[in-house]
Protein chains: 2
Amino acid sequence: MASSVARTREIAGAARAVLEEEGAAALSMRRVAERLGMRAPSLYKHVAGKEEIEAELISDGFEESAAAFEEACAGAHDHLATLAAAYRAFALAHPHLYRLMTERPLPRALLRPGVEERAARPVIDAAGGDVDLARAAWAFAHGMVMLELNGRFPPGADLDAAWAAGVAALQERR
Amino acid sequence: MASSVARTREIAGAARAVLEEEGAAALSMRRVAERLGMRAPSLYKHVAGKEEIEAELISDGFEESAAAFEEACAGAHDHLATLAAAYRAFALAHPHLYRLMTERPLPRALLRPGVEERAARPVIDAAGGDVDLARAAWAFAHGMVMLELNGRFPPGADLDAAWAAGVAALQERR
DNA sequence: GCTTGCAGGCTAACGGTGTTAGCCGAGTCT
DNA sequence: AGACTCGGCTAACACCGTTAGCCTGCAAGC
């Protein structure tokens, strides 16, 4: 057999394309199936349901963001500021994926194991091992990104300045 | 006539009950109508669509949270810490409403005028008028709340400590 | 008091969603 | 050759937001 996981990856690939090109509202079983030249019910021969496809995308997102964070921090002086910039860049580059990864409780049972921890690692390191500070920094970055993605800041708001203010505050606690 | 806005408020009341008691997934036109002893299409005689009902709930949420923030800060010494606690308390008391208020771009055209600004005021005041710091603090609080609501912190995580770390960091910048 | 008009219910329906049941053809193994 | 399984398919269900069109009861105008 052509390895059932390979089919799952093909489906995830199609789903990723739909998500990035057409947005979260378009991420439907019928739309994903259409990309693969089939009908929606056929997807269920390879995948348990929509949630499994989403979990696959979320796992991919964790791996990609972890790789981006690791690369950004490699040899950087100012870990916290560098990581903050990388975090924001990832979210703005893949807004639909970032939303999928964060806006609902994680389907942890369906995620590829270890993927969540790997993405969290650079944040804890950048906080010098202080987990409370790491969580505060993560929350700050996540909050900034979501408020920006949702257009919640006023039109003329200087977001770079707000990021700088937050990062500076957190840095002083190290 | 019995003032069309009164009807709208009745509908908003039913929607609020559905949202708080049964969750966001249950907030459907049919479900709201059922609470009022009617069928879904009849709602359209009083309201333009689901988005208008949601906007009503969001306006209510802004007013309620603003009132809570104002009361909490009245006569408090440590404005930032007090406001952070009030922010978290509001979100945890009304998780579905808080999600509705924040997880998508605001339908500003449908909101009651001024409600957004009123809710933002106490945050800016607590930051001593520094809008960049205020935005950073808002992002931190929003991020903490959403990560908590989504169960993203590890089971044993000391969230009070993380809140304290973030608030302490932001306070030093005042 | 009769008539007109309309506010505010209703049912039926459309196109969309995730999902299930059941059918069937092609390829593979015995 | 026969059986079995893989992986497509159509039809359908229950739900979603929304629209069209019908009908009833009440209120205002003459």
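In this text the structure is predicted, and so the values were computed from the model without any measurement. Every chain is numbered from 1 and lettered A, B, ... according to where its sequence line falls, protein lines coming before strand lines. Every heavy atom of this structure was used, including side-chain atoms; hydrogens, water molecules and symmetry mates were not.
Among the protein residues, A:Ser42 comes within range of the nucleic acid bases, having at least one heavy atom under 4.0 Å from a base atom. No engagement by B:Leu43 is indicated, since no non-hydrogen atom pair under 4.0 Å with the nucleic acid exists. Nucleic acid contact class of B:Leu36 (heavy atoms, under 4.0 Å, all strands): none.
Per the geometry, CD belonging to A:Glu34 stands 16 Å off C1' belonging to D:dC9, to the nearest Å. Between the CD atom of A:Glu22 and the C1' atom of C:dT17 there is a distance of 16 Å, given to the nearest Å. Rounded to an integer number of Å, the gap from CZ of B:Arg39 to P of C:dA13 is 15 Å. Atom-to-atom, OH of A:Tyr44 to P of D:dC9 comes out at 14 Å; the value is rounded to the nearest Å. As rounded to whole Å, 5 Å separates atom P of D:dG7 from atom NE2 of A:His46.
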- [ ] Using the side chain to side chain contact (heavy atoms under 4.5 Å, CB included) rule, take A:Arg135 and A:Val131 through it: C-alpha gap first, then chi angles, then the decisive distance, then the call.
- [x] CA-CA 6 Å; A:Arg135 285 171 191 149; A:Val131 293; 4.1 Å; yes
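Using a 4.0 Å cut-off, some side-chain N or O of A:Arg7 falls inside it from OP1 or OP2 of D:dG8.
Along DNA chain C, the nucleotide closest to A:Ala25 and the one closest to A:Ala48 are compared, and the more 5′ of them pairs with A:Ala25.
Judged by distance alone, with hydrogens and angles left aside, the side-chain atoms of A:Asn150 form no donor-acceptor pair with the main-chain N or O of B:Leu106 at under 3.5 Å.
Taking the centre of each ring, A:Phe153 and B:Trp138 come in below the 6.0 Å mark.
No hydrogens or angles considered: nothing links the side chains of A:Glu20 and A:His96 as a donor-acceptor pair under 3.5 Å.
For B:Lys50 against D:dG17, a side-chain-to-base donor-acceptor contact under 3.5 Å is absent. Between the side chain of A:Arg30 and the base of C:dG18, a donor-acceptor pair under 3.5 Å is found.
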